[in-house]
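So the structure is just underneath, and the comments pick up after that.
All of these numbers come straight from a predicted model, not from anything done at the bench.
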Amino acid sequence: MDDVIIIGGSFAGLAGALQLGRARRKVTVLDTGLPRNRFAGHSHGLLGHDHKPPLDILAEARQQLARYPAIKLVSARADGVSGALDDFKVLTSDGESLRARRVILSYGVVDQMPDVPGYAESWGTSIVPCPYCDGFEVAGRHWGLVWSGPQSHNQVRLFHDWTDKLTLFADGHDIPPDIQADLARRNVPVVDGRIVEIAHHKGHIATVNLDTGRKVAVDILFANPRNKPSASLHELLGLATVATPAGIALKVDERRQTSMPGIYAAGDLTTPFLPSVTQASSQGAMAGIFAQQSMVV
C-alpha cells in the first residue's frame, strides 16, 4: 500500500510528490501528460523559471524527482476512486488496482473553447486568460477583452496597470448601463456584435471578426472561457464544490482537505480566482505536507 496516490502530475501534483518524497513517504503519481498550460509557449511569474516553456519545467521537475526512491511516476489515467480513510483504492486505465492511505486530487481543469473558428487555434498565443502570465510581454499595446460577466469589469480596472489602450468586446452580452457609463469614463470603447471568427497571426496579434461585419485587430485578446474538471472522480466521491464565474472548484479546508477525510486537492481544480503555476505549486506542496502530517502517529 502507498502512503499517498496523487492523481494528476502537473505542477500541483509534482510539488506534492516532492514534499512527500522528501518525507520518505511512499507515493505514486498518475498522470496523462496533458497539462492545462501545454498550449503556452512560455510560463511567466514562476520564481527561478520565468519565461521557460512549461513543458520544459515539468520535464526538469520529473528528472529531479528521480532522486527520491519513494516516488513512482506512472503514465496512466485514474478511472475510479473508492474506499475510505487509510484504505483508498484507485483503479487505473491500465486495469491496475492501487491502494493508499491518502489521495491527492490534482487533475486540473479543461478550458471549454467556444464554437468560434480560430478560437481554439489561438488559445495560449493570441488569446490568453491571465494578465499576470502574459501582460508584461505586451504591455503598452492594444489589448482586447471579451466580456464574460461582472468579473470582466474588474479586469478592465486591473488591465490599466499594463496598458491604456483597451477595447471591450460585448460578444452578444448586455452590459449594464452603469458599467457602460464607467467604461466610457475610462475611455474604453465597447464593440457590439457577436464574435464569429478569430483570425490569428504570427505571435500575439489577432483580428476579431464580428457578425456585424466589423473586424477589429488587437495585439492580444484576453478571454475567460468556462472550464470543467478534467476528470469526474470528485463526482464519484460526492465531494463538495463551489461555484465560480468560470465553472466549479473543489471545496477544500485550510489544510487542503476536501469534504471527504483523507482526500486532498490542489491546483486549478481548487482555484476559483486567477489560477497560475505559482498557486498550483504552492497548493500542491501544502497538500503533500498536510497529507503527510495527517499520517503521523
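Gln292 and Asp3 share no side-chain donor-acceptor pair at under 3.5 Å. Arg255 and Gln293 share a donor-acceptor pair across their side chains, judged by distance under 3.5 Å alone. Side-chain N/O atoms of Arg256 and Thr270 include a donor and acceptor closer than 3.5 Å. His200 and Tyr119 share no donor-acceptor pair across their side chains, judged by distance under 3.5 Å alone. No side-chain donor-acceptor contact under 3.5 Å links His201 and Ser126.
Counting only distance, with no hydrogens or angles, the side chain of Gln283 and the backbone of Gly267 share a donor-acceptor pair below 3.5 Å. Judged by distance alone, with hydrogens and angles left aside, the side-chain atoms of Thr278 form a donor-acceptor pair with the main-chain N or O of Gly45 at under 3.5 Å. Looking at Ser282, its side chain never comes within 3.5 Å of a backbone N or O of Gln279 through a donor-acceptor pair. When atom types are taken as modelled, the side chain of Asp268 and the backbone of Pro275 share no donor-acceptor pair closer than 3.5 angstrom. When atom types are taken as modelled, the side chain of Thr271 and the backbone of Phe273 share no donor-acceptor pair closer than 3.5 angstrom. Although no hydrogens or angles enter the test, the distance criterion places no donor-acceptor pair under 3.5 Å between the side chain of Asn209 and the main chain of Val196. In terms of modelled atom types and a separation under 3.5 Å, the side chain of His204 and the main chain of Thr125 share a donor-acceptor contact.
Considering only residues two or more places apart in sequence or on other chains, Tyr132 meets the ring-ring contact (aromatic ring centres under 6.0 Å, His included) condition with Trp162.
A salt bridge links Asp86 to Arg102: at least one charged side-chain nitrogen sits closer than 4.0 Å to a carboxylate oxygen. With respect to Arg101 and Asp87, no salt bridge is recorded, no charged nitrogen being found less than 4.0 Å from a carboxylate O.
In this structure, CD1 on Ile263 lies 10.5 Å from CG on Leu250, to the nearest 0.5 angstrom. Going from atom CG of Asp50 over to atom CG of Leu46 covers 8.0 Å, rounded to the nearest 0.5 Å.
Screening Arg36, Lys228, Arg226 for a salt bridge (Lys or Arg N to Asp or Glu O under 4.0 Å) involving Asp111 leaves a single residue, Arg36. With respect to Leu233, the side chain to side chain contact (heavy atoms under 4.5 Å, CB included) criterion is satisfied by exactly one of Val81, Leu269, Val90: Val81.
Separation of the Phe159 and Trp143 ring centroids falls under the 6.0 Å cut-off.
The cluster map of Ile, Leu, Val, Met, Phe, Trp and Tyr, joined by side-chain heavy atoms under 4.5 Å apart, puts Phe88 and Ile5 in the same cluster.
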